[in-house]
Amino acid sequence: ILRLHKDDPQDMGFATTEEVYQQILKDLNDANSALVGYANADQPWRITTDVVNGYPARVYQCMANWTKAYEHAKAVYNKYPNLMSEAEWTGGFDDQENVEEVVWHISYDNNNNLGGTQYNFWFNYDPGYGETANDVHAITGKASIYKFMNFFATTDYVNLFEEGDYRGGTKLSREEAIAKYNNDGTWDWAAYDAAVQGVNFWQRALNTTEYQGYKWAYNKWKHYGDEAGSTYPTIPLMRSSEMLLIAAEAAANGAGSDAKALLNKLQTARGASATEATLENIYKERRKELLGEGVTGQYDLLRLQKGITRKVESENAKEEWILSNVQQFPGFSSSATTVSIPANDYRFICQIPVVEFNENKAISVSENNPYEGK
């Protein structure tokens, strides 16, 4: 429902998808004009013309208007062409203020909250801090900072990265950790913590169950806070590598002739092997580059009308995997090793609350988003 004025009637029907897209583009164009000459040096989270030029690239990408997506993405990338270095990437995505690739970022302080950010959900502390928010570090004796530790990478995702790709080419498995650091029932905490700090992915071998111990923590989002344990990271909201990938996808869809050059530029910069610029290779590169930044994952599944398949991590993980909510997935059985969620499944798209239909007589429950399942 496209409400644009305070005096719009209470009973209004649904707008078309095209009408909504056109209003979004109008708003962005108006913002672009209004922001000419505005700089956000002291408040980097505020929106500038660079950000407003990047947003249409995302919108046109969803619309499959590849000519416009290419035009906007290339314009932003050309202004921020210096991709982050290996040291900047592996140093953690928590200090992005002076990274040339970052178009837009937000800095946290004691006046705002990390609770709903990708940083907070992906964050994983070192094993010496234990496995709960109340554990005390085995070396420092200090309690760990606030953490969720609830997003982990699957083995399939970890295996997307070849050796040499500094975004994910090094890892420490549960077996390697136990073999190296468990000596007569005791642990060398300093060595173990140092080991996980030096890899991209590591399994939390000290979890109380084998299932938990086979989960892969990802060090992309890494932050230790200050001496008091306060976490005030600066995290990216838009990077030129995303624009590079949008331009590559647009070119692969016919908007340009440089899809391979664009894709290979990013791959070479990250230490990955150059590939052909097929759409699937571009989608794969988006997963590797942009995980946790809000512009891949479910975003890509919805705009590309793709489903998803979840797999049992290992026989050690299977028991708890079966006990989790996956028993509600289509085709689930106790002997299953995979479950699939089809495109546009109700787990991707929320229902419209019933109260909306009760208050607005111009719409009907029959127009609600599709629902199936328990």
Side-chain angles (χ1 to χ4, degrees), residues 84-96 108 113-115 117-155 157-159 161 163 165-236 291-293 313-314 316-317:
M84 63 174 60
S85 66
E86 179 176 356
E88 288 171 331
W89 178 283
T90 57
F93 271 55
D94 66 324
D95 188 12
Q96 300 281 295
Y108 285 85
N113 194 318
L114 277 167
T117 67
Q118 64 270 45
Y119 163 79
N120 199 51
F121 284 101
W122 275 105
F123 173 74
N124 284 286
Y125 232 106
D126 294 338
Y129 279 90
E131 300 298 336
T132 75
N134 297 320
D135 288 339
V136 174
H137 194 278
I139 304 170
T140 66
K142 295 181 179 180
S144 62
I145 61 172
Y146 180 66
K147 60 188 177 183
F148 281 140
M149 296 203 320
N150 60 346
F151 280 7
F152 293 88
T154 65
T155 301
Y157 182 75
V158 174
N159 289 340
F161 297 90
E163 198 67 35
D165 185 335
Y166 60 71
R167 296 169 298 181
T170 58
K171 55 184 180 289
L172 184 73
S173 72
R174 172 184 171 88
E175 290 78 12
E176 289 171 330
I178 291 174
K180 191 170 184 180
Y181 299 108
N182 191 356
N183 181 18
D184 298 327
T186 62
W187 285 78
D188 183 342
W189 292 106
Y192 191 23
D193 280 2
V196 302
Q197 291 167 20
V199 298
N200 299 108
F201 297 102
W202 53 282
Q203 289 182 318
R204 301 199 67 91
L206 295 183
N207 266 278
T208 54
T209 67
E210 283 194 338
Y211 170 74
Q212 299 288 340
Y214 278 96
K215 286 186 173 182
W216 288 100
Y218 191 14
N219 279 349
K220 178 178 180 179
W221 303 97
K222 194 73 172 178
H223 186 71
Y224 289 99
D226 58 24
E227 285 299 314
S230 300
T231 55
Y232 302 137
T234 299
I235 62 176
L291 182 72
E293 298 183 55
E313 276 287 81
S314 68
N316 296 307

[X] [atom1] to [Y] [atom2] distance, which is reported to the nearest 0.5 Å:
X	Y	atom1	atom2	answer
F93	M84	CZ	CE	4.0 Å
Y157	W216	OH	CH2	13.5 Å
W221	I235	CH2	CD1	5.5 Å

Could you tell me which residues satisfy side-chain contact (heavy atoms from CB on, under 4.5 Å) with A195, sequence neighbours excluded, listed by chain and number?
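Only L172, Y181 meet the side-chain contact (heavy atoms from CB on, under 4.5 Å) criterion with A195.
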
Just to verify, what does A190 make a side-chain contact (heavy atoms from CB on, under 4.5 Å) with, not counting sequence neighbours?
I139, D188

Could you check whether any side-chain N or O of [X] sits under 3.5 Å from a backbone N or O of [Y], counting only pairs where one atom can act as donor and the other as acceptor?
X	Y	value
D126	A194	no
N200	K220	no
N219	V199	yes

Could I get the full list of side chain to side chain donor-acceptor pair (under 3.5 Å) partners for [X], not counting sequence neighbours?
X	answer
T234	S107
D165	R167, K288
E176	S173
Q96	none

Shortest non-hydrogen contact between [X] and [Y], atoms and distance:
X	Y	result
V196	P127	CG2-CD, 3.4 Å
P236	E293	CG-OE1, 4.1 Å
D193	G128	OD1-N, 2.8 Å

Take I178 and Y192 through the test side-chain contact (heavy atoms from CB on, under 4.5 Å) and record every step on the way to the result.
CA-CA 9 Å; I178 291 174; Y192 191 23; over 6 Å; no

Partner set under salt bridge (Lys or Arg N to Asp or Glu O under 4.0 Å) for D94, not counting sequence neighbours
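Salt bridge (Lys or Arg N to Asp or Glu O under 4.0 Å) list for D94, sorted by chain: empty.
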
Regarding K171 and the six-membered ring of F201, is the cationic atom NZ or CZ under 6.0 Å from the ring centre and inside 45° of its axis?
no

